[in-house]
Amino acid sequence: MLDMKWVRENPDILKDAAVRKRITVDVDALLKVDAEHRSLLSQVEQLRAELRASSKTLGKMSPEEREVALAGQKEKKAELKELERKEQSLREEVQRLALLLPMPPAADVPDGKDDLENLQLSTSGTAPVFPYEPKSHVELGEKLGIIDIPRGVRIAGTRNYLLLGDGARLEQAVLQFSIDHMAKRGFELVSVPTLVKNEAMVGTGYFPGGEEQAYMCERDSLCLVGTSEVSLTSIHTGETLNAADLPLRRIAVSPCYRREAGTYGKDTKGLYRVHQFWKVEQVVVGPADEEWSKEEHQRMLAHATDLMDLLELPYQVVNVCTGDLGQGQVQKFDIETWMPSRGGYGETHSASRFHDFQARRLNLRYRPEGGGKPQFCHTLNNTVVASPRVLIALLENNQNEDGSVNIPEVLQPYMGTERIQPSKGS
RNA sequence: GGAGAGGUGUCCGAGUGGCCGAAGGAGCACGCUUGGAAAGCGUGUGUGUCGCAAGGCACCGAGGGUUCGAAUCCCUCCCUCUCCGCCA
């Protein structure tokens, strides 16, 4: 959501933003409806004020006098109802169109059509060189008996899977390690709902537009989240927080659900694109301070890259281009981790900065230090770790010729072993 | 799921059709008082929106309705509490 006042004053910036983000939106139509709405609103308010005033005098009249005055009053009332109806439908139309407006990208976001034009910012580690033909995580997982895709599909359909034994334990290990990593950095762990109301989806910017990607429980008008960002960011919906309590730095571990509609035939092999996965997510709610917000964005990125360094995984950071930016995102940095089976980097993290886009939709504000008008907060989020995607990197990069997989040192205490070996009989 | 009771401003709480944007109290702010503090006294104290302003409009859980007029009456929904049932 954008400030309508700002929209009226800066239509050109908005149109440019839409073009750069490859989003179609009719700014002029919105401005036209908005102008109509505001003029009608002032008519409604004026008429209502007249009616109220004369109602007051009616109350003081004698019954005989009142009888006479009632007729004119009724007529005006009917007129008001008609105007109110029009006003409401215009207001809804303004609202509907305004929800589609894109947040202008930051100045240093590269222009581009899609993820192919994202700009590499840095790399860390080097892709391992294998003196033998390396196996994919699917082959490794099957051989080790820790990944079972066919039976996952039998239970739940395509893009589902089972992790067994050390596979499931490795997942828990990396999730728990990530939680501990973030706890050291002052993030509060929160256990959040993953079935949420429509308002939370709209508030965080996933709806309207992302309905196709979400599983809906229509009978209960609830929606399965694709990320705990939705719940974490929505916690203080409608509240006015105290400046002293900001920033709120929080993480959640949750299952994430994605329909992956429109991705048929894309990433069909293995665990790269699945319907359900676990993610530790970091969300920060802070003051309306662009500089602070940018710095926090970098800090949040660093929490994740530090984690990847500790996991000894090679990765690159990219500055996501305008065409690959979401409607509400001002700036986004992705971390892409080296995955030998892809012969390239695959996205494992996504760090987004929203300015006040989400906060406006959520009506999430704070009272500035020393009083004054409530301001909309700034919100940011980033992945800490997502599984099974991180497992792809862990298994493939750390494989040995015999099909066993080395566990990075930091995870060994969580696993209780240095290596995943093939279990008996396989 | 069944039966009942409720949802009013920062908080407590009054308010069953016009005199209510809302009594009273607490809290908070300022002032008086005091050597200082407490007590006491006085004054002030919701938000949003439109407007240069005066002021208008909206908001008493949410949405509809009745009425010239609704915090107050009616309907639907949400939430909280109590009892019963079921249950991880």
Side-chain angles (χ1 to χ4, degrees), chain A residues 1-9 30-99 191-203 207 216-224 231 234-246 253-255 288 356 359-377:
Chain A
M1 185 72 88
L2 281 78
D3 179 9
M4 273 310 295
K5 209 181 261 177
W6 184 90
V7 171
R8 288 194 280 272
E9 287 160 10
L30 169 63
L31 290 177
K32 186 163 164 271
V33 182
D34 174 58
E36 282 173 34
H37 171 248
R38 287 188 307 138
S39 111
L40 193 58
L41 183 62
S42 75
Q43 280 183 53
V44 165
E45 287 187 353
Q46 198 185 330
L47 189 55
R48 203 180 279 155
E50 284 171 26
L51 226 49
R52 269 180 75 159
S54 50
S55 270
K56 279 211 169 136
T57 67
L58 266 178
K60 290 181 186 128
M61 286 178 182
S62 64
E64 302 83 54
E65 289 175 312
R66 188 178 300 164
E67 204 59 38
V68 184
L70 270 176
Q73 194 76 351
K74 276 196 170 170
E75 212 171 290
K76 274 198 173 176
K77 182 62 194 293
E79 191 187 334
L80 176 62
K81 279 224 159 155
E82 184 56 30
L83 284 181
E84 279 176 333
R85 245 185 288 276
K86 280 188 197 156
E87 187 272 330
Q88 188 186 358
S89 80
L90 281 175
R91 174 159 30 98
E92 283 166 1
E93 183 65 2
V94 169
Q95 183 73 5
R96 191 185 68 78
L97 291 169
L99 280 174
S191 182
V192 296
T194 51
L195 248 187
V196 303
K197 295 190 197 168
N198 208 50
E199 290 86 275
M201 298 299 285
V202 173
F207 291 177
M216 309 277 277
C217 300
E218 282 171 348
R219 189 159 65 152
D220 300 291
S221 303
L222 293 170
C223 207
L224 280 168
S231 312
S234 299
I235 291 175
H236 297 287
T237 299
E239 295 183 33
T240 303
L241 304 167
N242 293 317
D245 296 331
L246 299 179
V253 213
S254 84
D356 61 8
R360 281 182 183 278
R361 289 174 166 241
L362 292 165
N363 190 21
L364 169 55
R365 299 177 299 168
Y366 72 100
R367 200 172 291 283
E369 216 88 51
K373 282 205 166 214
Q375 306 277 312
F376 288 108
C377 297

> In whole Å, what separates the P atom of B/G9 from that of B/C60?
Replying inline: 10 Å

> Quantified in whole Å, what is the P atom distance between nucleotide B/G1 and nucleotide B/C12?
Replying inline: 28 Å

>> Does the structure show a Watson-Crick or G-U wobble partner for B/C86, both distances under 3.5 Å? Name it, or say none.
In response: none

>> In this structure, how many angstroms lie between the P atom of B/G64 and the CZ atom of A/Arg85, rounded?
In response: 11 Å

Per-pair distances, 0.1 Å, donor-acceptor, side chain in residues 68-77 of chain A, under 3.5 Å, sequence neighbours excluded:
| unit_1 | atom_1 | unit_2 | atom_2 | d |
| --- | --- | --- | --- | --- |
| A/Gln73 | OE1 | A/Ser54 | OG | 3.0 |
| A/Gln73 | NE2 | A/Leu51 | O | 3.3 |
| A/Gln73 | NE2 | A/Ser54 | OG | 3.2 |
| A/Gln73 | NE2 | A/Ser55 | OG | 3.3 |
| A/Lys76 | NZ | A/Glu50 | OE1 | 3.0 |

> Roughly how many Å is it from CZ in A/Phe376 to C1' in B/U47, rounded to a whole number?
Replying inline: 12 Å

> In the structure shown, which nucleotide is the Watson-Crick or G-U wobble counterpart of B/A70, with both distances under 3.5 Å?
Replying inline: none

> Using the P atom in both, what is the distance from B/G85 to B/U76, to the nearest Å?
Replying inline: 28 Å

>> Work out how far the P atom of B/A70 is from that of B/G63, and round it to whole angstrom.
In response: 15 Å

> Does the distance from a Lys or Arg side-chain N to an Asp or Glu carboxylate O, for A/Glu36 and A/Lys32, drop under 4.0 Å?
Replying inline: yes

>> Quick check for you: to the nearest 0.5 Å, what is the distance between A/Lys197 atom NZ and A/Leu222 atom CG?
In response: 8.5 Å

>> Under the rule for side chain to side chain contact (heavy atoms under 4.5 Å, CB included), what residues qualify as partners of A/Glu45, not counting sequence neighbours?
In response: A/Leu41

>> Roughly how many Å apart are B/G13 and B/G27, using the C1' atom of each and rounding to a whole number?
In response: 14 Å

> Out of curiosity, A/Cys377 SG to A/Leu246 CG, how far, rounded to the nearest 0.5 Å?
Replying inline: 5.0 Å

> Is the closest side-chain heavy-atom distance between A/Arg38 and A/Arg8 below 4.5 Å?
Replying inline: yes

> Under a 3.5 Å cut-off for both distances, is B/C41 Watson-Crick or wobble paired, and to whom?
Replying inline: B/G31

>> For the backbone of A/Ala244 and the side chain of A/Asn242, can you confirm whether one donor and one acceptor N or O come within less than 3.5 Å of each other?
In response: no

>> Counting primed atoms plus P, OP1 and OP2 as sugar-phosphate and everything else as base, spell out the protein contacts along nucleotides 50-63 of chain B at 4.0 Å heavy-atom distance: B, S or - for each nucleotide, 5' to 3'.
In response: ------BSS-----

> Distance between the P atoms of B/C73 and B/G18, in whole angstroms?
Replying inline: 12 Å

> Along nucleotides 72-77 of chain B, 5' to 3', which nucleotides get a B, which get an S, and which get a -, given that the test is a protein heavy-atom distance under 4.0 Å?
Replying inline: ------

>> With rounding to the nearest 0.5 angstrom, report the CG to CD distance, A/Leu83 to A/Gln46.
In response: 11.0 Å

>> Rounding to an integer number of angstrom, what distance separates B/A14 and B/A88 when you compare their P atoms?
In response: 41 Å

>> Between B/G55 and B/C77, how far apart are the two P atoms, rounded to whole Å?
In response: 43 Å

> Who pairs with A/Ala35 by side chain to side chain contact (heavy atoms under 4.5 Å, CB included), at least two apart in sequence or on another chain?
Replying inline: none

> Whole-Å distance between B/C78 P and A/Glu199 CD?
Replying inline: 12 Å

>> Does the structure show a Watson-Crick or G-U wobble partner for B/U76, both distances under 3.5 Å? Name it, or say none.
In response: B/A62

> Do any N or O atoms from the side chain of A/Arg91 and from the backbone of A/His37 form a donor-acceptor pair under 3.5 angstrom?
Replying inline: no

>> Side chains of A/Gln88 and A/Glu84: any donor to acceptor distance under 3.5 Å?
In response: no

>> Under 3.5 Å for both donor-acceptor distances, Watson-Crick or wobble: does B/G4 have a partner, and if so which one?
In response: B/C81

Could you list, one pair per line, each protein nitrogen or oxygen that sits under 3.5 Å from a nitrogen or oxygen of nucleotides 67-70 of chain B, together with the distance?
| unit_1 | atom_1 | unit_2 | atom_2 | d |
| --- | --- | --- | --- | --- |
| B/C68 | OP1 | A/Lys74 | NZ | 3.4 |
| B/C68 | O2' | A/Ser55 | OG | 3.0 |
| B/C68 | O2' | A/Gln73 | NE2 | 2.8 |
| B/G69 | OP1 | A/Lys77 | NZ | 2.3 |
| B/G69 | O4' | A/Ser55 | OG | 3.2 |

>> Tell me the interatomic distance from A/Asp3, atom CG, to B/G48, atom P, rounded to whole angstroms.
In response: 14 Å

>> Would the distance check show the side chain of A/Ser231 and the main-chain N or O of A/Pro193 forming a donor-acceptor pair, the cut-off being under 3.5 Å?
In response: yes

